[in-house]
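Here is the structure we will look at.
Convention: sequence-line order gives letters A, B, ...; per-chain numbering from 1. All values reported here derive from a predicted model rather than from experimental measurement.
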Amino acid sequence: MREKFLSLSTVGVPLDRVNVDTDAIIPARYLKTIKRTGLGEGLFFAWRYDMDGKERPDFPLNRPEFRGGEVLVAGENFGCGSSREHAVWALMDFGFRAVIAPSFSDIFHNNCLKNGMLPVTLPAAAVRSLIDALLAAPGGKIRVDLEGQTVTGPNGDIHAFGVASFAKTCLLEGLDEIALTLASAGELDRYERERKKATPWLFLDLPG
Amino acid sequence: MPTLFEKVRDRHVVTVRGDDVLLYVDRHLVHEVTSPQAFAGLSAAGRSVRRPGAMLAVPDHNVPTTPDRSVRIEDRGSREQIQALRENALGAGIALFDIDDPRQGIVHIIGPESGLVQPGITVVCGDSHTGTLGAFGAIAFGIGTSEVEHVLATQALWQKMPLQMRVVVTGTLRPFVTPKDVILAVIAEIGAAGGTGYALEFSGETLRRMSMEGRMTMCNMTIEAGARFGLIAPDEVTFAYLSGRPLAPPPSLWDAAVADWKTLPSDPDATWDREVALDASNLEPHVTWGTSPQDALPVGGVVPDPEKQEDPGERARMLRALEYMALSPGTRMTDIPVDKVFIGSCTNSRIEDLRAAAAVAKGRTVAPGVTALVVPGSGLVKRQAEEEGLDRVFLDAGFQWRLPGCSMCLGMNPDKLKPGERCASTSNRNFEGRQGPGGRTHLMSPAMAAAAAVSGRIADVREVAR
């Protein structure tokens, strides 16, 4: 069972960069874990800390006005690169529950939904105005309403967003997708029986 | 009417739910970094692996590439992940190419090499470069760990239909211009997010003449243009590559398999959501200057000037990239010195890649102060290279000859850049810190990387090898 996504009203954290890749979100050396927890420590490590391990005071996650914010607002192509789900686990472990951007990489977008984190795609101009508002008045709040599919910016501006209906249900109810799929076990059995006749070479076991 | 992607997809639909289809997964490749949490989740829910015989496991991401790795792995996290993979594979009855197995190697190298990746299949792995395998005319894509768990439990995944893009490449490549240069040029053209939401099929005469190794290099980097799927229609080159491989269809089924595979190519009247054409006849060797794979340009070029960029967002990105890379606009690419050279990764560690690099290294010497690594993609590639004497060529020229693994592509094992070091790399990502914190990466082909190694700076291989 994954976490349910409930509506948020929280400090918005602006990350005014495009192509934020998953190596930047969580560097490879933090992937050497067999757990899903504790990854917040490595989140944006190279951007949060300098080479001596001291916090970079100007990085948004380090600024006191943005601390505790649960919505990250970033530029286009967020989460590009590696498929590492650790990127989502790191964001969530740090406290984020939603990311707003003009576009996301396909794999990162999927990984968010599997963990109860909401990726919100808004037009580039809307994201620009949110980032500008958060930078102009740090500490401003953003409201994300999944049920109504709207984001309300710090200046009261309201932006509608789309979300696939099944993904929405899963998020709102915290459904276990594997259990749902296993309910189709009969169809999987039938598929395998038929395909085994058509392409028998794909049903030879790999030698283990 | 249907495209190659659509044909392969249609034969894998188990059931439909709204816009999503439950897509059957024929083959599942598993490695040590993105699978432990999936096996743990499965076990916590009291579930078992549905079809262990459809899976193959291999440690590759964090294995050291030095001979002492079979004695002891120093790094505790790496050791634990490799041990977890071993226990999970043995426990579930999944085939494992363990660290000392001569078949061990990078997951995207050993899949094709063993013959398990075939036209018309669906194949997934918890790794974004799984698209590599689409070079066989397969639907191959990278997934996250939750989806790895889903495939372990159900042998299927819920998927949306992606948009269809075709990239047609024409023209004969000039000497020393390689598939790596073609794909870098494609990414520069469509951008790092240009393929997001698409399945991207490469076609055209240039692809038809390309070896399977070259086709895999092309499909390997479609993800760097945002496209999760890269595909190339199967043809006689594909069939010849597969023939006789251990996990390819056995002789009794071979003719039926080939007959089936010949029905897969996109129909001539297939429709595309986007088409891109590239004339490769005048293409030059490419290198990257920045921190996104889209930052590729011909080696004869200069570092671009952000001030000439009109889009403010792109200008800011370029300024950040130049600052990180410690480069100034107008600098000739061939004036940029390198500290390290990495020849390897799932992009360029196959036998052809090593031959191309060795041809440049032969009779030359790695420049003073430069450390150059050659990391074969698998134990079998390594063995073949040694039979051809390529290891001697590299060693005599001052390169290091290592054991197979992902190595310096992503810096999870001891092979990484130190802060500020600059690397000529045949890998796929030049992101900030990708090859080690503070490291700077210039992507290029194996021949170009070898030219950089012997020159001590980025160099035009056509001049070095003249």
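A salt bridge does not link K32(A) to E32(B): none of the charged nitrogens lies less than 4.0 Å from a carboxylate oxygen. Using a cutoff of 4.0 Å between basic side-chain nitrogens and carboxylate oxygens, R17(A) and E314(B) are not scored as salt-bridged.
When heavy atoms are compared at a cutoff of 4.5 Å, E192(A) approaches chain B solely by way of its side chain, counted from C-beta outward. A84(B) touches chain A through its side chain: at least one heavy atom from C-beta onward sits under 4.5 Å away, while N, CA, C and O do not. Only the side chain of T199(A) comes within less than 4.5 Å of a heavy atom of chain B; its backbone N, CA, C and O stay farther away. For a residue to count as touching a neighbouring chain, one of its non-hydrogen atoms must lie under 4.5 Å from one of that chain's; by this rule H109(A) does not touch chain B. Proximity to chain A is limited to the side chain of W158(B), based on heavy atoms less than 4.5 angstrom apart. There is no contact between Y30(A) and chain B, counting heavy-atom distances below 4.5 Å. Heavy atoms closer than 4.5 Å to chain A are found nowhere in N428(B), neither backbone nor side chain. Both the backbone and the side chain of D189(A) come within contact range of chain B, with heavy atoms under 4.5 Å apart. Heavy atoms closer than 4.5 Å to chain A are found in both the backbone and the side chain of R434(B).
Not one N or O on the side chain of E147(B) forms a donor-acceptor pair closer than 3.5 Å with the backbone of I107(A). E80(B) places no side-chain N or O within donor-acceptor distance of the main-chain N or O of I34(A), the cut-off being under 3.5 Å. Checking side-chain atoms of E187(A) against main-chain N and O of V14(B) turns up no donor-acceptor pair under 3.5 Å. Judged purely by atom type and a 3.5 angstrom limit, D106(A) has no side-chain atom pairing as donor or acceptor with the backbone of R228(B).
From W89(A), atom CH2 reaches atom CD of Q37(B) across 4.0 Å, with rounding to the nearest 0.5 Å. Of the inter-residue distances, the one linking L206(A) atom CG with S114(B) atom OG reads 7.5 Å to the nearest 0.5 angstrom. Put simply, CZ on F108(A) and OG on S128(B) are 14.0 Å apart, with the number rounded to the nearest 0.5 Å.
Contact check for R195(A) versus Y24(B): no side-chain heavy atoms found under the 4.5 Å cut-off. You'll find the side chain of K114(A) stays beyond 4.5 Å of the side chain of H150(B), heavy atoms only. Counting heavy atoms from C-beta outward, P36(B) and R36(A) have side chains that stay 4.5 Å or more apart. Within the 4.5 Å cutoff, no side-chain heavy atoms of E85(A) are placed close to those of T34(B).
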>> Determine whether S146(B) and N115(A) satisfy the following criterion, side-chain contact (heavy atoms from CB on, under 4.5 Å), listing intermediate values before the conclusion.
In response: CA-CA 8 Å; S146(B) 294; N115(A) 288 278; 4.0 Å; yes
